[in-house]
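Computed from a predicted model, the values in this text were never measured in an experiment. Below, chains carry the letters A, B, ... as their sequence lines are ordered, and counting in each starts from 1.
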Amino acid sequence: MRFYPLPRSFFSRDPRRVARELLGKAVVRFRKKKILVGRIVEVEAYLGKGDPAAHAAAGVTARNRVLFGPPGHAYVYFIYGQHFCLNVSCQPEGKAGCVLIRALEPLAGLEEMARARGLRAKDGKVASKRLTTGPGRLCQAMGITRARDNGKDVTWEDSDLWIVDLRFRPRRIRRTPRIGIRQATAEKLRYILAESEFVSG
DNA sequence: ATATCGATTATCT
DNA sequence: GATAATCGATATG
């Protein structure tokens with residue numbers, strides 16, 4: 001069975017809708033002749049103007065301009081001096097919004113991920129829980145950086161970064177407030193697969 | 001088990 | 001100059 005990236009129309013909608021539907025989908029990364037795959041188990045929706053916690057809240061800047069471009073593009077930013085975070089732009093071009101990918105269940109390329117994370121297995125086994133449970137961790141595991149991936153079209157078949165539908169059926173989806181922010185903490189814009197062992201926090 | 005803290009830099013005030 | 005959509009280490013119950 002072959003898989004293809006989700007179409008742009010999937011992302012050209014409200015980030016809350018996209019966030020919910022991204023649960024159970026997968027991030028696919030082609031890197032150094034290897035394929036890395038992780039099931040999305042935790043995401044957060046960030047809206048446009050009117051969402052004080054969103055990078056897009058203050059309008060277009062050099063950093064966030066991808067958010068105002070066409071949907072289905074990677075928005076990668078550097079945070080706390082040492083981590084990258086992966087988002088996918090949503091909404092039609094001109095209207096900001098995105099979904100932050102916060103945690104994955106590693107499905108393929110575990111050895112590559114462990115190496116990228118600096119978690120060399122001592123006995124040959126990989127501690128999968130530490131690989132991709134967290135936005136910074138999953139970027140490190142998949143080699144996602146701002147220089148390499150910011151602005152990349154994740155719906156393009158020739159891209160080395162895809163979001164695909166693996167036909168996985170989520171059992172139970174839960175909503176909670178977003179993590180690590182100080183504004184707009186009341187709204188439940190974090191979506192998690194309740195049954196997953198790979199949710200962060 | 002939870003709590004606190006330092007790292008380190010792009011970005012914005 | 002302050003802050004940040006985080007992580008890993010260390011300390012303590």
Side-chain angles (χ1 to χ4, degrees), chain A residues 11 14-20 22-23 27 38 40-69 71-91 95-106 113-122 126-152 154 161 163 174-193 197-201:
Chain A
F11 300 99
D14 186 291
R16 288 163 288 208
R17 184 83 182 278
V18 177
R20 175 178 288 274
L22 274 178
L23 290 177
V27 176
I40 298 169
V41 300
E42 175 182 352
V43 295
E44 284 176 0
Y46 284 88
L47 315 182
K49 199 168 173 83
D51 180 2
H55 288 177
V60 186
T61 68
R63 174 174 66 160
N64 70 17
R65 66 185 151 71
V66 173
L67 297 176
F68 295 85
H73 286 248
Y75 170 54
V76 181
Y77 64 90
F78 190 59
I79 191 71
Y80 293 117
Q82 41 193 42
H83 304 292
F84 293 101
C85 292
L86 170 66
N87 304 252
V88 183
S89 63
C90 300
Q91 301 282 32
K95 190 172 182 182
C98 68
V99 174
L100 169 66
I101 313 290
R102 286 193 57 87
L104 305 173
E105 173 184 349
M113 293 182 190
R115 189 174 315 139
R117 292 267 297 115
L119 302 176
R120 289 306 302 257
K122 296 170 186 172
V126 174
S128 59
K129 291 281 281 287
R130 302 248 85 103
L131 250 35
T132 54
T133 63
R137 288 173 176 177
L138 73 89
C139 283
Q140 188 179 28
M142 290 190 155
I144 293 167
T145 67
R146 176 176 167 177
R148 201 140 53 199
D149 300 296
N150 188 48
K152 189 168 285 179
V154 302
L161 185 64
I163 311 290
R174 190 151 62 216
R175 285 197 310 149
T176 81
R178 293 173 293 188
I179 302 279
I181 59 170
R182 306 193 59 169
Q183 306 262 327
T185 53
E187 286 183 86
K188 294 182 178 177
L189 295 178
R190 173 173 175 253
Y191 300 76
I192 64 179
L193 275 190
E197 305 285 316
F198 296 89
V199 173
S200 79

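The CD1-C1' distance, from A/Ile179 to C/dA4, rounds to 15 Å in whole Å. In this structure, A/Leu131 places its CG atom 15 Å from C1' of C/dC7, rounding to the nearest Å. Protein atom NZ of A/Lys129 is 15 Å distant from nucleotide atom P of C/dC7, rounded to whole Å. Taking atom CG of residue A/Leu86 and atom P of nucleotide C/dA5, one finds them 16 Å apart after rounding to whole Å. The distance from atom OH of A/Tyr77 to atom P of B/dC12 is 14 Å, rounded to the nearest whole Å. In this structure, CG of A/Leu138 is placed 12 Å from C1' of C/dA5, rounded to the nearest angstrom. For A/Glu42 and C/dC7, the CD to P distance is 9 Å, given to the nearest whole Å. The distance between atom CZ of A/Arg65 and atom C1' of B/dT11, rounded to the nearest whole Å, is 14 Å.
In this structure, CZ on A/Arg16 lies 15.0 Å from NZ on A/Lys188, to the nearest 0.5 angstrom.
For A/Thr61 and B/dC12, the shortest distance from a side-chain N or O to OP1 or OP2 is below 4.0 Å. Considering only side-chain N and O atoms, A/Arg137 lies under 4.0 angstrom from the phosphate OP1 or OP2 of C/dG8. For A/Arg182 and C/dA5, the shortest distance from a side-chain N or O to OP1 or OP2 is not below 4.0 Å. The side chain of A/Arg117 places no N or O atom within less than 4.0 Å of a non-bridging phosphate oxygen (OP1 or OP2) of C/dC7.
Between A/Arg17 and A/Asp14 there is no salt bridge, since no side-chain nitrogen of the basic residue lies less than 4.0 Å from a carboxylate oxygen of the acidic one.
Using a 4.5 Å heavy-atom threshold, the side chains of A/Cys90 and A/Val99 count as touching. Two residues are said to be in side-chain contact when any heavy atoms from C-beta on lie closer than 4.5 Å; A/Leu138 and A/Thr133 fail this criterion. Within the 4.5 Å cutoff, side-chain heavy atoms of A/Ile101 are placed close to those of A/Ile40. Considering only heavy atoms from C-beta on, A/Leu104 stays 4.5 Å or farther from A/Phe198 through its side chain.
Scanning DNA chain C for stems, defined as runs of 3 or more consecutive Watson-Crick or G-U wobble pairs whose donor-acceptor distances all fall under 3.5 Å, gives the following ranges: B:1-7 with C:6-12, B:9-12 with C:1-4.
The number of heavy atoms from other shown groups lying within 6.0 Å of NZ (A/Lys95) does not exceed 12.
Among residues at least two apart or in separate chains, salt bridge (charged side-chain N to carboxylate O under 4.0 Å, His left out) pairs with a member in residues 46-58 of chain A are A/Asp51-A/Arg178.
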message: At under 4.0 Å between heavy atoms, how does the protein contact nucleotides 4-10 of chain B? Give one character per nucleotide, 5' to 3', with B, S or -.
response: ---BBBS
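Note: A/Phe84 and A/Phe78 have tilted aromatic rings, judged against thresholds of 30 and 60 degrees for the angle between ring planes.
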